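Below is one structure; the comments refer to it alone.
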Amino acid sequence: MLLRTIVLLNGLLLLLLGACTAPKGPAAPQIPDTYVRPRYVLAIHGGAGAMRRELMSAEQEARYKAGLEAALMHGDSMLQAGAAALDVVEAVIRMLEDDTLFNAGRGAVLTSEGRAELDASIMDGARGSAGAVAGITTIRHPISAARKVMDASQHVMMTGRGAETFAENHGLETVDNRFFIIPSREAQLRKAKEQASGPAPGGWEGRKFGTVGAVVLDAAGNLAAGTSTGGMTNKRFGRVGDAPIIGAGTYADNAVCAVSCTGHGEYFIRNVVAYDVAARMRYGGESLGAAADSIIYGKLKRIGGEGGLIAVDRMGRIAMPFNSDGMFRASITAEGRKEVAIYRD
Ligand code: ASP
């Protein structure tokens with residue numbers, strides 16, 4: 001009897017000890033003592049692709065940088081005045097949608113039928129809510145349509161005519177599809193079609209993914225992300241890329257990070273890239289930089305998935321990796337640490 005009681009007590013003791021020492025899930029990434037979280041952070045991208053210094057004129061380079069800088073500084077002044085992350089993401093992307101240099105809104109790339117079909121999404125890291133639109137053709141600012149879906153509907157994603165009617169009914173500006181189409185995109189489509197049936201003409205314009213995106217950590221500690229695109233040149237009508245898919249092209253969670261992707265969408269969808277960055281941090285205890293790098297330079301590169309991403313974590317650290325030649329990108333912090341860049345170096 002005594003022996004049985006001792007064995008039982010021993011077992012209980014071991015169980016208790018086990019519970020105290022059992023792993024409690026991954027430890028949060030270690031933050032060095034010297035690191036000071038910036039009051040706010042904004043990072044934007046204008047697409048990744050075959051942008052090499054020798055393929056771009058100094059004038060082209062200056063125009064792209066000016067476009068990025070204008071959007072960046074607009075977002076910066078909003079954040080300085082205390083704006084919320086979500087509002088900054090929307091405002092900055094609206095500016096980039098209006099800039100014909102980038103593949104979103106006006107100046108978007110064209111489908112094989114010569115039309116603009118636009119995708120966008122936005123996510124609020126504070127509430128975990130999200131909105132997205134896909135294949136829309138008449139709403140001037142797709143990112144605002146995505147925001148409306150998030151704020152004024154029970155849904156996360158709406159497509160085509162339904163999304164357009166919804167956005168229109170909520171007062172968003174509508175335009176004819178021709179509004180989005182610019183001559184250089186028509187030329188790009190012609191080239192892409194020639195390429196498909198004959199030798200490739202080359203040039204960096206045809207191998208550029210000019211999607212736009214923004215990620216923000218605001219002064220209140222809230223994270224938000226958004227992405228907007230015309231997709232890929234010569235895409236089949238009805239094709240939807242990663243940009244409007246929450247978890248693939250866009251993701252935000254206040255506890256972890258905010259992410260916006262650009263690149264060959266099919267690869268980003270299959271690899272759930274934006275969410276994978278957050279998941280590696282959350283469940284694997286990886287830092288933002290390590291998580292983003294291992295996906296872009298490891299997993300995606302191995303399978304030929306060209307592109308990149310921008311991300312900011314809850315401590316304001318920024319990651320902007322890309323495995324293409326270049327990525328139009330820019331970032332700024334409350335302390336004035338600013339970067340506007342295109343190439344790898
Ligand atoms: N990811 C976008 C898509 O596949 C293209 C891009 O990033 O430019 O639709």
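Residues take their numbers from the sequence shown, with the count starting at 1. In listed order, ligands and their atoms are each counted from 1. On a predicted model such as this, the values are computed, not experimentally measured, just so you know.
For a threshold of 3.5 Å applied to N or O pairs, the pair formed by T211 and ligand 1 contains at least one separation below that value. Checking only distances, C261 never comes within under 3.5 Å of ligand 1, N or O to N or O. Residue E266 has no N or O atom closer than 3.5 Å to an N or O atom of ligand 1.
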Audit row: T137, E117, side-chain hydrogen bond (donor to acceptor under 3.5 Å, both in side chains) steps and yes/no: CA-CA 5 Å; T137 57; E117 282 188 7; over 6 Å; no
Check step by step if salt bridge (Lys or Arg N to Asp or Glu O under 4.0 Å) holds for E54 and R52. CA-CA 5 Å; E54 64 273 22; R52 287 203 298 274; 3.0 Å; yes
Starting from the C-alpha separation in whole Å, work towards a yes-or-no answer on side-chain contact (heavy atoms from CB on, under 4.5 Å) for V273 and L300. CA-CA 9 Å; V273 170; L300 277 187; 4.0 Å; yes
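Judged purely by distance below 3.5 Å, without hydrogens or angles, the side chains of S144 and E90 pair a donor atom with an acceptor atom.
A cation-pi arrangement is present between R106 and F179 under the rule of less than 6.0 angstrom and at most 45 degrees off the ring axis.
Not close to ligand 1: A243, with no non-hydrogen atom less than 4.0 angstrom away.
Near D242, the atoms of ligand 1 lying under 4.0 angstrom from a non-hydrogen atom of the residue are 1 (N), 2 (C), 3 (C), 4 (O). Annotation for ligand 1: atoms under 4.0 Å from non-hydrogen atoms of T262 are 6 (C), 7 (O), 8 (O). Here is the list of ligand 1 atoms found below 4.0 Å of a heavy atom in G231: 5 (C), 9 (O). Listed by atom number, the atoms of ligand 1 under 4.0 Å from G241 heavy atoms are 9 (O).
For atom 3 (C) of ligand 1, the candidate residues are H264, M327, R239, E306; the nearest heavy-atom contact is made by R239.
At distances below 3.5 Å, at least one donor-acceptor pair connects side-chain atoms of N323 with backbone N or O atoms of I296. With K235 contributing its side chain and S112 its backbone, the two residues share no donor-acceptor pair below 3.5 Å.
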